[in-house]
Number of protein chains: 2
Amino acid sequence: METEETPARWEGLPSWLLGQTANHAHRLVGDGFSSVGGRGYHYRLLATLEERGPASQAALGRRSGIHLSDMVATINELAERGLVERAPDPSDRRRNIVSLTPEGARQLRRLEKRLAESQDELLAPLSPEERQQLTELLSKLLVHHSRRTGSPEERWR
Amino acid sequence: METEETPARWEGLPSWLLGQTANHAHRLVGDGFSSVGGRGYHYRLLATLEERGPASQAALGRRSGIHLSDMVATINELAERGLVERAPDPSDRRRNIVSLTPEGARQLRRLEKRLAESQDELLAPLSPEERQQLTELLSKLLVHHSRRTGSPEERWR
DNA sequence: AGCAAACGTTGGCCAGCCTAACGTTTATGA
DNA sequence: TCATAAACGTTAGGCTGGCCAACGTTTGCT
């Protein structure tokens with residue numbers, strides 16, 4: 001964007017404001033991650049591994065919200081750098097069991113640090129009360145809109 | 001996303017909430033646009049043309065916030081359907097002058113209608129006061145973060 | 001035994017945002 | 001006046017995050 005002149009009847013629209021601020025947030029977070037050689041999917045996968053332990057790629061995908069087909073690439077990237085290990089599951093030969101390495105845990109620390117910093121930067125202009133308000137409003141929207149989108153009648157078998 | 005299990009320490013982060021709600025918004029708006037055969041860039045370009053009149057591609061890019069290289073494709077798409085016209089500027093042979101056709105104006109009407117509908121859908125769960133709050137908070141963030149992003153002191157080397 | 005389902009993988013698409021490069025044309029200023 | 005800088009349009013490509021379809025393998029259910 002070159003932001004020279006400013007016309008635009010759409011600039012006050014909630015969807016626009018939302019999109020723009022999300023862009024800024026995305027950029028802040030992304031820059032933070034990439035400053036330690038990572039990106040969003042890396043954080044999500046590493047954090048999921050630490051939180052819930054080793055698992056198959058499919059399970060990790062469900063837990064982290066990363067699409068199965070994107071998991072492959074993500075795990076490749078992380079495995080290449082020794083942050084994660086992919087081993088065949090002896091009890092189910094369809095599965096790979098992916099687990100976090102100590103190096104991966106260290107990288108997760110770094111990513112988390114950057115993530116926290118970018119939250120601060122993002123919210124800099126807001127008071128604590130305003131931050132609270134924002135969080136609540138967004139959550140409200142999210143809850144409303146994820147009902148329809150998120151989970152149909154998924155059963156866990 | 002399959003949203004089966006729900007772990008996730010990042011789900012409360014402002015940047016995440018922002019990103020997710022923006023995704024929903026983006027989807028709502030995008031679906032609305034595509035239901036009349038358009039997309040975001042089409043709306044932005046058509047609206048800019050109606051608001052400020054015919055202009056060169058570069059000027060339109062500046063006014064609409066669409067990158068120059070994306071303008072080419074956008075104008076191609078719209079010109080193909082007769083919604084927009086591209087004519088060489090006789091007074092400056094570097095330029096094309098792009099202008100809105102009556103058909104284009106009609107399409108803009110349709111896009112605007114869909115856009116308004118999707119705003120309603122997006123904000124459905126919020127009261128008027130909450131909508132106001134949200135708008136203000138987002139604007140505050142936006143103002144803060146666009147200062148730095150918008151215009152650096154271009155070094156000409 | 002046979003079929004359906006889960007799994008991992010590949011390859012592709014989309015929108016939005018962006019960079020680099022290139023040829024043409026115009027404007028500037030030395 | 002002439003060289004150089006700048007603007008313009010264009011092509012090609014990359015990135016992130018989100019998807020879909022297909023395929024072969026392996027497993028589980030009946």
Side-chain angles (χ1 to χ4, degrees), chain A residues 1-4 15-16 18-20 22-31 33-34 38-45 55-62 64-77 79 86-98 149-150 154-157, chain B residues 1-4 15-16 18-20 22-31 33-34 38-45 55-62 64-77 79 86-98 149 154 156-157:
Chain A
M1 284 223 214
E2 272 120 5
T3 340
E4 299 219 3
S15 64
W16 177 259
L18 219 34
Q20 289 306 106
N23 276 356
H24 283 291
H26 192 258
R27 200 178 35 70
L28 286 172
V29 172
D31 287 354
F33 283 159
S34 76
R39 59 184 184 108
Y41 280 0
H42 296 176
Y43 167 73
R44 275 157 72 179
L45 181 48
S56 71
Q57 300 185 187
L60 289 170
R62 272 173 243 125
S64 63
I66 298 174
H67 196 101
L68 251 198
S69 59
D70 298 317
M71 280 290 321
V72 178
T74 305
I75 294 177
N76 286 345
E77 290 163 15
R86 190 171 4 207
D89 183 338
S91 79
D92 185 340
R93 295 194 335 238
R94 290 172 302 181
R95 291 192 170 104
N96 292 329
I97 292 184
V98 178
T149 296
E154 300 282 25
R155 65 207 62 283
W156 57 89
R157 104 193 55 119
Chain B
M1 284 223 215
E2 270 120 4
T3 340
E4 297 222 3
S15 64
W16 177 259
L18 217 35
Q20 290 305 106
N23 275 356
H24 284 290
H26 192 257
R27 198 178 36 70
L28 286 173
V29 172
D31 287 354
F33 283 158
S34 77
R39 58 184 184 107
Y41 281 180
H42 295 178
Y43 167 72
R44 276 158 72 178
L45 181 48
S56 71
Q57 299 186 186
L60 289 170
R62 274 175 243 124
S64 64
I66 297 174
H67 196 101
L68 251 198
S69 59
D70 296 317
M71 280 289 322
V72 178
T74 305
I75 294 177
N76 286 345
E77 290 163 14
R86 193 195 256 139
D89 182 338
S91 79
D92 183 340
R93 297 198 327 241
R94 292 173 300 182
R95 289 193 172 102
N96 292 329
I97 292 184
V98 179
T149 295
E154 306 285 20
W156 52 92
R157 108 186 48 116

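Owing to the predicted nature of the structure, the values given are computational and were not obtained by experimental measurement. Below, read A as the first sequence line, B as the second, and so on, with proteins coming before strands; counting in each chain starts at 1.
- Every residue two or more places apart in sequence or in another chain was checked for a side chain to side chain donor-acceptor pair (under 3.5 Å) with A:Asp31, and none qualifies.
- For A:Arg62, whose side chain is taken as the heavy atoms from C-beta onward, the closest listed nucleotide among D:dG18, D:dT10, C:dC7 is C:dC7.
- Atom CD1 of B:Ile75 and atom C1' of D:dT11 are 15 Å apart (whole Å).
- Nearest nucleotide to the A:Gln20 side chain, out of C:dA15, D:dT10, C:dC17: C:dC17.
- In this structure, A:Ser56 reaches the sugar-phosphate backbone alone: every heavy-atom distance under 4.0 Å involves primed, P, OP1 or OP2 atoms, never a base.
- Between A:Asn23 atom CG and C:dA15 atom P there is a gap of 16 Å when expressed in whole angstrom units.
- Residues forming a side-chain contact (heavy atoms from CB on, under 4.5 Å) with B:Ile97 (at least two apart in sequence, or on another chain): B:Pro54, B:Asp89.
- Side-chain N/O atoms of B:Arg86 include one lying less than 4.0 angstrom from OP1 or OP2 on D:dT10.
- One atom, OH of B:Tyr43, and another, C1' of C:dA15, lie 18 Å apart when rounded to the nearest Å.
- The OG atom of B:Ser15 sits 10.0 Å away from the CD atom of B:Gln20 when rounded to the nearest 0.5 Å.
- Residues satisfying the side chain to side chain donor-acceptor pair (under 3.5 Å) criterion with B:Thr74, sequence neighbours excluded, are absent altogether.
- Positionally, the nearest nucleotide of DNA chain D for A:Gly40 lies more toward the 5' end than for the other of A:Asp92 and A:Gly40.
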Tabulated below should be each protein N or O lying under 3.5 Å from an N or O of nucleotides 1-5 of chain C; please produce it.
none

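- In this view, B:Tyr41 satisfies the ring pair (Phe, Tyr, Trp, His ring centres under 6.0 Å) rule with no residue, not counting sequence neighbours.
- With values rounded to the nearest 0.5 angstrom, B:Asp70 atom CG is found 11.0 Å from B:Ile75 atom CD1.
- One atom, CD1 of B:Ile97, and another, C1' of D:dC8, lie 13 Å apart when rounded to the nearest Å.
- At C:dA15, none of the side-chain N or O atoms of B:His26 fall inside 4.0 Å of OP1 or OP2 (strictly under the cut-off).
- A distance of 11.5 Å separates OG in B:Ser34 from CZ in B:Arg39, rounded to the nearest 0.5 Å.
- As rounded to whole Å, 7 Å separates atom P of D:dT11 from atom CG of B:Asn76.
- Looking at residues two or more places apart in sequence or on another chain, you find no salt bridge (Lys or Arg N to Asp or Glu O under 4.0 Å) involving B:Arg93.
- Between A:Ser69 and A:Arg95, the one whose closest nucleotide on DNA chain C sits nearer the 5' end is A:Arg95.
- Comparing A:Gly38 and A:Arg93 by the nucleotide of DNA chain D that holds the closest heavy atom to each, the one mapping nearer the 5' end is A:Gly38.
- Applying the 4.0 Å criterion to OP1 and OP2 of C:dT9, one finds that A:Gln57 has a side-chain N or O inside that range.
- For the pair A:Glu77 CD and D:dG17 C1', the computed distance is 13 Å after rounding to whole Å.
- When rounded to the nearest whole Å, the span between CE of B:Met71 and P of D:dT11 equals 13 Å.
- Rounded to an integer number of Å, the gap from B:Asp70 CG to D:dG14 P is 15 Å.
- Neither OP1 nor OP2 of C:dC7 sits under 4.0 Å from any side-chain N or O of A:Asn96.
- Close to D:dG17, at under 4.0 Å from its OP1 or OP2, lies no side-chain N or O of B:Arg27.
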